[in-house]
Amino acid sequence: VFPSRKGFERTVGEVVVIPVRSVPYGIGTTLPCRPRFDVLPPLSLYIHFPWCVRKCPYCDFYSHEKTATLPESDYLDVLKKDLELSLPWLPGRKISSIFIGGGTPSLLSADGIDQLLSLVHALLPILPEAEVTLEANPGTFEAGKFKAYRASGVNRLSIGVQSFNVAHLRRLGRIHDVDEAKAAIE
């Protein structure tokens, strides 16, 4: 259908394949193959933690109610394998933000968050000013644990206070009350 350009086409069976960048598109233009950058833009990394204290009825995110013991070590092992498999897709890319969401990532132990962030830093180039966010349910706040999260590199919290209205919190199936929400913010 399109005129070929010498040296760009190749034959597959009886079909001539012409790369996108050599296909004419209108007068004097060609279809772009992909964006070209002088410097690759940084990436944001989302890490999903799929366990909650209780599954909220409105939540569409992939998550499970936690059992007596979280499989924290197994989770970190699988996360490491997943990140390692993704490395070939990320050459030269730096991470400008990390968001640990879920589920309820604040169920992870302080040591678990430390291991998770150490793993990410070992595998990926993180910008020094990177924002590292941890999603937290006010019903899981423990001051000592959150100080340890901070020491591990978490520099921003996303606190899931869906409401300060008691009736709304009950209807939403939240595990915290208004006082726990206020305490978490303080």
Side-chain angles (χ1 to χ4, degrees), residues 42-91 93-164 169-186:
L43 295 173
S44 294
L45 176 64
Y46 175 78
I47 299 171
H48 188 73
F49 182 79
W51 292 278
C52 298
V53 171
R54 180 176 60 225
K55 180 80 172 165
C56 295
Y58 62 87
C59 180
D60 287 333
F61 291 103
Y62 176 78
S63 61
H64 307 280
E65 287 189 18
K66 79 176 188 95
T67 55
T69 306
L70 286 172
E72 196 167 284
S73 179
D74 292 339
Y75 168 74
L76 292 170
D77 288 343
V78 170
L79 180 64
K80 180 179 185 221
K81 288 176 188 169
D82 189 50
L83 281 171
E84 288 171 341
L85 288 171
S86 299
L87 291 177
W89 297 96
L90 308 173
R93 305 296 293 273
K94 294 183 179 171
I95 306 297
S96 62
S97 69
I98 300 169
F99 191 94
I100 306 165
T104 307
S106 55
L107 291 174
L108 273 167
S109 68
D111 187 51
I113 288 292
D114 190 58
Q115 288 178 47
L116 185 150
L117 291 174
S118 294
L119 164 72
V120 171
H121 278 275
L123 293 174
L124 299 167
I126 312 296
L127 293 171
E129 68 276 9
E131 179 179 277
V132 181
T133 303
L134 178 85
E135 207 172 50
N137 185 311
T140 65
F141 265 65
E142 298 171 32
K145 189 160 77 168
F146 280 82
K147 284 181 185 174
Y149 290 166
R150 176 73 174 126
S152 294
V154 173
N155 56 26
R156 182 175 177 269
L157 293 175
S158 174
I159 305 171
V161 179
Q162 268 54 27
S163 178
F164 288 103
L169 289 171
R170 274 195 223 114
R171 195 171 316 127
L172 291 170
R174 301 299 288 165
I175 65 167
H176 66 275
D177 60 26
V178 173
D179 292 333
E180 286 174 312
K182 289 178 182 176
I185 292 168
E186 293 172 359

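All values below come from the heavy atoms of this structure, side chains included, with hydrogens, waters and symmetry mates left out.
When all heavy atoms of Ser109 and Glu72 are compared, the pair lying nearest together is OG-OE2, 2.6 Å. Shortest non-hydrogen contact noted between Ala110 and Tyr149 is CA-CE2, 3.7 Å.
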Would you please test Phe49 and Leu107 for side-chain contact (heavy atoms from CB on, under 4.5 Å) and show each step?
CA-CA 9 Å; Phe49 182 79; Leu107 291 174; 4.1 Å; yes
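By the 30° and 60° cut-offs, the orientation of the rings of His48 relative to Tyr46 is tilted.
With contacts defined as side-chain heavy-atom distances shorter than 4.5 Å, the pair Leu117/Ile100 qualifies. No side-chain heavy atom of Phe146 sits less than 4.5 Å from a side-chain heavy atom of Arg150.
With Asn155 contributing its side chain and Ala130 its backbone, the two residues share a donor-acceptor pair below 3.5 Å. In terms of modelled atom types and a separation under 3.5 Å, the side chain of Tyr75 and the main chain of Leu70 share no donor-acceptor contact.
Atom CG of Asp77 and atom CD of Gln115 lie 9.0 Å apart (nearest 0.5 Å). Ile95 CD1 to Glu131 CD: the interatomic distance, rounded to the nearest 0.5 Å, is 13.5 Å. To the nearest 0.5 angstrom, Leu79 atom CG is 10.0 Å from Glu84 atom CD. Rounded to the nearest 0.5 angstrom, Leu134 CG and Ile47 CD1 are separated by 10.0 Å. The CG atom of Leu123 sits 10.5 Å away from the CG atom of Leu45 when rounded to the nearest 0.5 Å. Going from atom CG of Leu43 over to atom CG of Leu127 covers 9.5 Å, rounded to the nearest 0.5 Å.
Summarising the local packing, CZ of Arg93 is surrounded by more than 12 heavy atoms from other residues, nucleotides or ligands at distances under 6.0 Å.
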